[in-house]
Amino acid sequence: MAFQGCGLNAHQEEERRAKENEVKELTNQEGADLYTDEEAETHAREVGVSPRPRETRVEIDERGAFVRQPNAFSVGFGEKEGEWEAEKGRYRIFWATGCNWSNRPIIARDLLGLQDVISDQLVSHSGQSNKYGWGFPDKPGHKDPATGAYFLSEFYKNANPDFKGRATTPTLVDVEKRIAVNNDYHRLTNYIEVQFRKFQPEDAPDLYPKAYRREIDQFNDWLFPHINNGHYRMAFCQSYEAYQEAFDDFYDSMDKLDERLSKNRFLFGDYITDPDIRFYVTLVRWDLGYYRNIGPTKHRIVDYPNIWPYVRELYSIPAFHQVGFLEDQANRFHKEGEDSRPFRDYMSRIAWQADYEKIWAPDHDSRKKLSNHPDELFLRHPAGETAEDYQSEISPSPWNRPAESDRDPSNPANSPLDVDASVNPLKGKIDA
């Protein structure tokens, strides 16, 4: 049977259900074995980890703008000295349901059929106040069952005892050595797509076509500050100037991408590519989650005539659907009978009652009309192409540069595009 890229076999479906149950456990901690702050303090002293730094204190520039820390572990995978070797069963993705960055490698891994090659583990808040960052509140003894770690930050400390920043998701961990090897969400999906090609089924989809990696990288590096980090720029900033700057940037960029999707089924044409994964994980959180932190919104996602049917089509694909967590986002603020006040917010009164499968049901026909290959969602690798043929050096992300000024998202020079974002520079090329 041909590999479909977007379907799940019986074993994978069982894993998906188990993951859904794990999500429910992570988001409903009012049960036995409550993870207290006192216990977290004890564990932290035992393993020698420090409190998690606060973004709103240590990643704010002089203008009050949020300038995200660079990723600490950005060494890639490959054959060069110092690079990591792609191996089956060696690595584990630590990720969180609410984190758009960490949902991306899970989607890519599952689309590429690598569930048995790279394992994963969900994390959530440690203790009641999350003083020490990501932990394992739903696991026996509040430890990761594969490594015995109490905190994600332990893997950072093991890899670099002098590390002082935030331990972030996603983090790819060498399970045997118990060290963080890569938390570079800017390029992690690309490593999975390219360096783990030899473990993919022969007819796995091509999400990162070799001939067009320059254009895709350039677009992804534009998408990061304008869209993916847009919510955080608004949510974490500490000045009106920085807020308005981020607000205008995000919505101006959304207008451009809505125009782009009026002429293209997906961001680069007829087929789903790596940037579609990155765009999706922001879109799927906006109307139920992100908007709460940014104040009045200019448009909801459902108000965009092209983006809304586009994201619904992606949502219909199991690998995308499983990290939507729509009900989780809606239920997070609803507890039956907890508030008897006559005026309660929309999230606690209404959102949890919605039928999200119905609301998010795709209108495939409207998007198919934009494609020369309406019944194909993914580009396939050329006949006879080997894993070696598919290799190329992955470009470093400019967003990991050490100087804060070089990571200022408001500076257009930090994310240049050869053409306007409303235009697909590969129109008719990947589609041919």
Side-chain angles (χ1 to χ4, degrees), residues 50-72 74 96 98-102 104 125 129-134 152-153 156 163-170 183-186 220-257 278-279 281-283 285-301 329 332-333 345 347 397-417 421:
S50 302
R52 175 187 184 274
R54 295 286 295 273
E55 298 95 324
T56 51
R57 294 178 182 172
V58 299
E59 296 173 55
I60 303 297
D61 70 8
E62 67 279 358
R63 297 188 307 113
F66 173 58
V67 181
R68 186 177 290 275
Q69 68 176 19
N71 292 310
S74 58
C99 171
N100 89 74
W101 319 109
S102 68
R104 293 166 9 170
H125 290 180
S129 62
N130 196 38
K131 179 178 178 180
Y132 293 96
W134 298 118
L152 181 64
S153 58
Y156 286 59
F163 178 75
K164 304 297 183 185
R166 288 183 294 112
T168 59
T169 54
N183 74 327
D184 186 12
Y185 51 79
H186 297 297
N220 282 343
D221 289 336
W222 174 89
L223 198 68
F224 165 73
H226 294 78
I227 298 295
N228 298 138
N229 203 34
H231 156 258
Y232 300 96
R233 290 172 61 193
M234 288 180 255
F236 290 152
C237 69
Q238 301 296 308
S239 72
Y240 182 80
E241 174 192 7
Y243 172 85
Q244 195 61 48
E245 182 178 80
F247 183 96
D248 292 341
D249 191 6
F250 176 81
Y251 284 106
D252 289 349
S253 300
M254 287 289 285
D255 288 342
K256 292 179 178 180
L257 295 178
R278 300 177 188 229
F279 194 24
V281 293
T282 292
L283 298 177
R285 284 165 174 73
W286 198 270
D287 287 356
L288 280 173
Y290 283 169
Y291 84 94
R292 289 189 298 265
N293 303 321
I294 65 167
T297 58
K298 186 175 182 179
H299 301 298
R300 302 171 301 166
I301 302 304
Q329 294 182 64
R332 190 172 299 165
F333 291 86
D345 65 274
M347 296 304 293
S397 170
W399 297 105
N400 285 328
R401 292 174 295 204
E404 185 180 84
S405 60
D406 289 337
R407 290 180 283 110
D408 180 356
S410 67
N411 184 353
N414 288 339
S415 54
L417 281 176

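Keep in mind that the numbers below use all heavy atoms, side chains included, and drop hydrogens, waters and symmetry copies.
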Any [X] side-chain heavy atom under 4.5 Å of [Y] side chain:
X	Y	answer
Leu257	Phe279	yes
Lys131	His125	no
Tyr156	Thr168	yes
Asp408	Asn414	yes
Arg300	Trp286	no

Please report the interatomic distance [atom1]([X]) to [atom2]([Y]), rounded to the nearest 0.5 Å.
X	Y	atom1	atom2	answer
Tyr232	Ile294	OH	CD1	12.0 Å
Arg278	Asn100	CZ	CG	10.5 Å
Ser415	Phe224	OG	CZ	9.5 Å
Met234	Tyr251	CE	OH	5.5 Å
Lys256	His226	NZ	NE2	7.0 Å
Asp287	Thr297	CG	OG1	7.5 Å

Would you name the heavy atoms of [X] and [Y] that are closest together and state the gap between them?
X	Y	answer
Met254	Ile301	CE-CD1, 3.6 Å
Gln69	Gly165	OE1-CA, 3.8 Å
Arg63	Ser239	O-OG, 2.7 Å
Ala72	Phe163	CB-CE1, 3.4 Å

Problem - Ring centroid separation Tyr185 to Trp399 under 6.0 Å - result: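 Not under 6.0 Å, so no.
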Problem - Under 3.5 Å donor-acceptor, Arg57 side chain and Pro53 backbone - result: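 No.
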Handout entry: Ser102 (side chain) donor-acceptor with Ala96 (main chain) under 3.5 angstrom
Key =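 Side chain of Ser102 to backbone of Ala96, a donor-acceptor pair under 3.5 Å: yes, one is there.
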Handout entry: Residues forming a salt bridge (charged side-chain N to carboxylate O under 4.0 Å, His left out) with Arg52, sequence neighbours excluded
Key =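 Arg52 satisfies salt bridge (charged side-chain N to carboxylate O under 4.0 Å, His left out) with Glu55 only.
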Problem - For Arg401, all residues meeting salt bridge (charged side-chain N to carboxylate O under 4.0 Å, His left out), sequence neighbours excluded - result: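 Counting only residues at least two positions away or on another chain, Arg401 forms no salt bridge (charged side-chain N to carboxylate O under 4.0 Å, His left out).
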Practice task
Could you check Arg68 against Glu59 for salt bridge (charged side-chain N to carboxylate O under 4.0 Å, His left out), going step by step and ending with a plain yes or no?
Solution key: CA-CA 6 Å; Arg68 186 177 290 275; Glu59 296 173 55; 5.6 Å; no
Problem - Sole residue of Asp61, Asp248, Asp249 in salt bridge (Lys or Arg N to Asp or Glu O under 4.0 Å) with Arg233 - result: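 Running salt bridge (Lys or Arg N to Asp or Glu O under 4.0 Å) over Asp61, Asp248, Asp249 with Arg233 returns exactly one hit, Asp249.
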Practice task
Applying side-chain hydrogen bond (donor to acceptor under 3.5 Å, both in side chains), name anything that partners Asn228, two or more places apart in sequence or on another chain.
Solution key: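 Residues passing side-chain hydrogen bond (donor to acceptor under 3.5 Å, both in side chains) with Asn228: Arg104, Thr282.
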Practice task
Measure the acute angle between the ring planes of Phe236 and Phe66, then classify it against the limits of 30° and 60° as parallel, tilted or perpendicular.
Solution key: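 Phe236 and Phe66: perpendicular rings.
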Do [X] and [Y] get their side chains close enough for a donor-acceptor pair, meaning under 3.5 Å?
X	Y	result
Arg166	Ser153	no
Asn220	His186	no
Asp184	Asn400	yes

Exercise for the section: Have a look at Trp222 and tell me which of Ser253, Pro412, Pro416 forms a side-chain contact (heavy atoms from CB on, under 4.5 Å) with it. Expected result: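 When side-chain contact (heavy atoms from CB on, under 4.5 Å) is applied between Trp222 and each of Ser253, Pro412, Pro416, only Ser253 qualifies.
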Handout entry: Arg54 CZ: over 12 foreign heavy atoms closer than 6.0 Å
Key =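 Not buried by this count: 12 neighbours or fewer within 6.0 Å.
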